[in-house]
Amino acid sequence: MQLITKFVGFMTLAAFAMPVRAELPVWHDTADIQRAAEHHVAADSVPHSTARADVVDRRLRLKHCDVPLSTRYLGNPEGARLTVQVSCTGTVTWRVYVPVRVTRFADVVVTTRFLARGEQVQATDIDMARRDLNTSSQAYLTDLQAAIGREVRRSVPAGVALSATALTAPALVARGATVTLIAGSSPIAIRMTGIAEHDAALGERIAVRNLSSNRIVEGRVVDRDTVEVGLSRH
């Protein structure tokens with residue numbers, strides 16, 4: 001009896017001493033597939049961006065892949081919604097297509113107070129703030145100097161990102177102002193006096209009534225008092 005007890009004890013110790021081989025999971029973890037898709041996009045993304053893959057259905061039954069997963073874009077890797085092909089190329093083969101949303105951020109010009117239509121932007125009226133570029137198709141300004149001195153086309157609340165189309169150059173010539181019309185170039189330039197038909201900024205086209213002929217001519221604003229016109233009349 002004592003011999004049997006010693007034998008059983010020896011077998012028990014031997015069993016504990018034997019290495020236990022870990023069993024690999026039968027099915028591949030869907031969270032690992034999701035992470036692989038996100039990492040693929042994140043590696044190519046511009047700074048200040050995030051990649052978030054759609055949740056892969058946990059009910060998906062794909063045999064466990066014994067090699068690192070392969071990833072590549074499906075289609076054009078541009079825009080806010082991308083598709084990544086995640087594949088296993090080991091002893092088992094399969095592929096899954098995972099949608100990934102890319103959120104891109106940038107430091108853009110935003111208003112620090114309410115600006116009324118036609119108000120000229122001052123340095124104290126704007127600041128830089130980070131915004132999600134995917135929320136709008138507008139090309140936001142990324143330089144404070146590009147906004148200073150320009151006028152807002154319509155009223156803008158505080159905290160709004162400014163785009164180039166939201167601003168306009170301030171009027172240099174006002175409607176009804178007397179200007180000098182210059183046709184041709186020195187020394188044979190023809191000078192006439194005219195009245196501006198509307199406001200116009202530096203370099204913009206403007207309609208002017210020629211006081212000599214009472215005809216409307218179109219020219220380009222050169223400075224506050226001068227409009228350059230062609231030799232042809234309308």
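Within the structure, disulfide bond (SG atoms under 2.5 Å apart) pairs that include any residue of residues 152-181 do not occur (at least two apart or interchain). For residues 147-156, there are no side-chain hydrogen bond (donor to acceptor under 3.5 Å, both in side chains) pairs, not counting sequence neighbours. Judged as a disulfide bond (SG atoms under 2.5 Å apart), the pairs with a partner in residues 65-118 (not counting sequence neighbours) are, in order, Cys65-Cys88.
In this structure, the side chains of Val156 and Phe114 stay at 4.5 Å or more apart for every pair of heavy atoms. Under the 4.5 Å side-chain criterion, counting only non-hydrogen atoms from C-beta, Val173 is in contact with Ile206. Looking only at side-chain heavy atoms (C-beta outward), Leu181 and Val208 come within less than 4.5 Å of each other. Side-chain atoms of Val108 and Leu141, non-hydrogen and from C-beta on, never get closer than 4.5 Å to each other. Leu167 is listed as a side-chain neighbour of Val121, based on a closest heavy-atom distance under 4.5 Å. Between Ile33 and Val98, the closest side-chain pair of non-hydrogen atoms falls below 4.5 Å.
Looking at residues two or more places apart in sequence or on another chain, you find no salt bridge (charged side-chain N to carboxylate O under 4.0 Å, His left out) involving Asp127. In terms of the side-chain hydrogen bond (donor to acceptor under 3.5 Å, both in side chains) criterion, residue partners of Thr165 (sequence neighbours excluded) are, by chain and number, Gln138, Ser163. Scanning for side-chain hydrogen bond (donor to acceptor under 3.5 Å, both in side chains) contacts around Thr30 gives an empty result, with sequence neighbours left out.
Taking all atoms of both residues into account, the shortest heavy-atom contact from Asp107 to Thr142 is O-CG2, 3.7 Å. Across all non-hydrogen atoms, the minimal contact from Val221 to Ala201 is CB-O, 3.5 Å. Contact between Val110 and Ala161 at its shortest, heavy atoms only, is CG1-CA, 3.8 Å. Of all the heavy atoms in Ala196 and Ala174, the pair that sits closest is CB-O, 3.5 Å. Heavy-atom minimum distance, Ala37 versus Ala53: CB-CB, 4.4 Å.
Ion pairing between Glu228 and Arg205 fails under the 4.0 Å rule for side-chain N and carboxylate O. Glu204 and Arg220 are not joined by a salt bridge, as no carboxylate oxygen comes within less than 4.0 angstrom of a charged side-chain nitrogen.
His40 and Tyr73 have perpendicular rings, their planes meeting at more than 60° on a 0 to 90° scale where under 30° would count as parallel.
Expressed to the nearest 0.5 Å, how far CZ of Phe105 lies from CZ of Arg130 amounts to 8.5 Å. For the atom pair CG (Leu74) and OH (Tyr97), the distance works out to 6.0 Å, reported to the nearest 0.5 Å.
A distance-only check finds no donor-acceptor pair linking the side chain of Glu38 to the backbone of Arg52 [under 3.5 Å].
Taking a 6.0 Å sphere around CZ of Arg209, one finds it holds more than 12 heavy atoms contributed by other residues, nucleotides or ligands. Sparse packing is recorded around CZ of Arg95, with 12 or fewer heavy atoms of other residues, nucleotides or ligands lying under 6.0 Å away. Atom CZ of Arg175 has 12 or fewer neighbouring heavy atoms from other residues, nucleotides or ligands inside a 6.0 Å radius.
Neither side chain, Asp125 nor Thr112, offers a donor N or O lying under 3.5 Å from an acceptor on the other. Checking Ser87 against Gln85 by side-chain atom types alone, a donor-acceptor pair falls below 3.5 Å.
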